[in-house]
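We count ligands from 1, going down the list as the structure has it; atoms in each ligand are counted the same way.
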Amino acid sequence: MGIVSPGFHGRRRESAVELPPGQYLTEDFPVLSAGPTPRVRVEEWEFTVTTETGHRHRWTWQDLLDLPSETPRVDIHCVTKWSKLGTDWQGVSLDVLLADVETTADFALVHSYGGYTTNLPLEDLLDGQAWIVHRYGGEELAPEHGGPARLLVPHLYFWKSAKWVRGIDLLTENEPGFWETAGYHDYGDPWREQRYQGD
Ligand SMILES: Nc1nc2c(c(=O)[nH]1)N[C@H]1C(S)=C(S)[C@@H](COP(=O)(O)O)O[C@H]1N2
Ligand SMILES: [Mo]
């Protein structure tokens, strides 16, 4: 009887990195914006969280910078099929921003300067899964990539990572945002390839 390790058929042909289904790798950083780039001066910038009771929490630019920040290195996946691995950001965890926010809401609707919106379950903003980032690759976040600050929620398709983020409404009922209203998936998990409604 020969010595055969079951399942060994020589060198695997697949690439070493695993991407979500249907995605390809890109090295550059494409810009995808549904409209013009809003120019928001940090002197005027504010970030708000509004609860289902109408209670509004506010942070100025300096407030944001004064909070403890993290430097997540994450992979990002755009629904137009590019993925970029190992992107480096700096920002404040939503766990920090939401720590003192009293809410019983289950849903979040994120608003951007310029009018863009996107929705997700509140729990997807918690437990180290989301940040308000203001630096990318060791530099200030460029306006076309969402500067002064954007949401980063890398476990969902990148359209959920609202650029030029202005605030988050906490809601007891789900309210679809810009792309979700236009037929994109309500949740958008790239690993389950939830691109469009019905996927
Ligand atoms: N405010 C705002 N945020 C946005 C968008 C947008 O058009 N406006 N596009 C989304 C989409 S579809 C993607 S893929 C990413 C693109 O981010 P990037 O331009 O930094 O690559 O931003 C997301 N956030
Ligand atoms: Mo996208």
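Using a 4.0 Å cut-off between charged side-chain N and carboxylate O, R56 and E46 make no salt bridge.
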Requested in this report: Please test W179 against T118 for side chain to side chain contact (heavy atoms under 4.5 Å, CB included), starting from the C-alpha separation and ending with a verdict.
Outcome: CA-CA 7 Å; W179 286 118; T118 189; over 6 Å; no
Requested in this report: Could you give me the CA-CA distance, side-chain angles and deciding distance for Y24 and W82, then say whether ring pair (Phe, Tyr, Trp, His ring centres under 6.0 Å) is met?
Outcome: CA-CA 5 Å; Y24 67 86; W82 58 266; 8.3 Å; no
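Ligand 1 is never approached by G114 to a heavy-atom distance shorter than 4.0 Å. Contact between A162 and ligand 1 is present, with at least one heavy atom of the residue lying under 4.0 Å from the ligand.
Within a 6.0 Å radius of CG in D28, more than 12 heavy atoms belonging to other residues, nucleotides or ligands are found. For CD of E173, the number of neighbouring non-hydrogen atoms (other residues, nucleotides, ligands) closer than 6.0 Å is 12 at most. Residue E27 places its CD atom among 12 or fewer non-hydrogen atoms of other residues, nucleotides or ligands, all under 6.0 Å distant. Sparse packing is recorded around CD of E140, with 12 or fewer heavy atoms of other residues, nucleotides or ligands lying under 6.0 Å away.
Considering K160, K163, H111 only, the shortest heavy-atom separation from atom 19 (O) of ligand 1 involves K163.
Taking only nitrogen or oxygen atoms, main chain and side chain alike, A34 reaches within less than 3.5 Å of ligand 1. On a distance-only criterion, P30 and ligand 1 share at least one N/O pair closer than 3.5 Å. Checked against a 3.5 angstrom limit, the closest N/O atoms of L32 and ligand 1 fall inside it.
Remark: the backbone N or O of P143 is not paired with any side-chain donor or acceptor of T37 at under 3.5 angstrom. No donor-acceptor pair under 3.5 Å is formed between the side chain of N119 and the backbone N or O of L109.
When hydrophobic clusters are built by joining Ile, Leu, Val, Met, Phe, Trp and Tyr residues whose side-chain heavy atoms come closer than 4.5 Å, directly or via intermediates, L151 is grouped together with L126.
Of the heavy atoms in S112, only side-chain atoms (C-beta onward) come closer than 4.0 Å to ligand 1. When non-hydrogen atoms are compared, ligand 1 lies under 4.0 Å from the side chain of W164 (C-beta onward) but not from its backbone. Using a 4.0 Å cut-off between heavy atoms, Y157 makes no contact with ligand 1 at all. By the criterion of a heavy-atom distance under 4.0 Å, the side chain of Y116, and not its backbone, is placed next to ligand 1. Contacts between R150 and ligand 1 below 4.0 angstrom, taking non-hydrogen atoms only, involve the side chain exclusively.
Atom 24 (N) of ligand 1 has as its closest protein heavy atom S161 O, 3.1 Å. Taking atom 14 (S) of ligand 1 as the reference point, the nearest protein heavy-atom neighbour is C78 SG, 3.2 Å. Protein heavy atom at the shortest distance from atom 20 (O) of ligand 1 is H145 ND1, 2.6 Å. Taking atom 11 (C) of ligand 1 as the reference point, the nearest protein heavy-atom neighbour is W159 CA, 3.6 Å. Considering only non-hydrogen protein atoms, atom 13 (C) of ligand 1 sits nearest to F158 O, 3.7 Å.
H77 and W191 have perpendicular rings, their planes meeting at more than 60° on a 0 to 90° scale where under 30° would count as parallel.
Taking a cut-off of under 4.0 Å to the non-hydrogen atoms of V31, the atoms of ligand 1 that pass are 19 (O).
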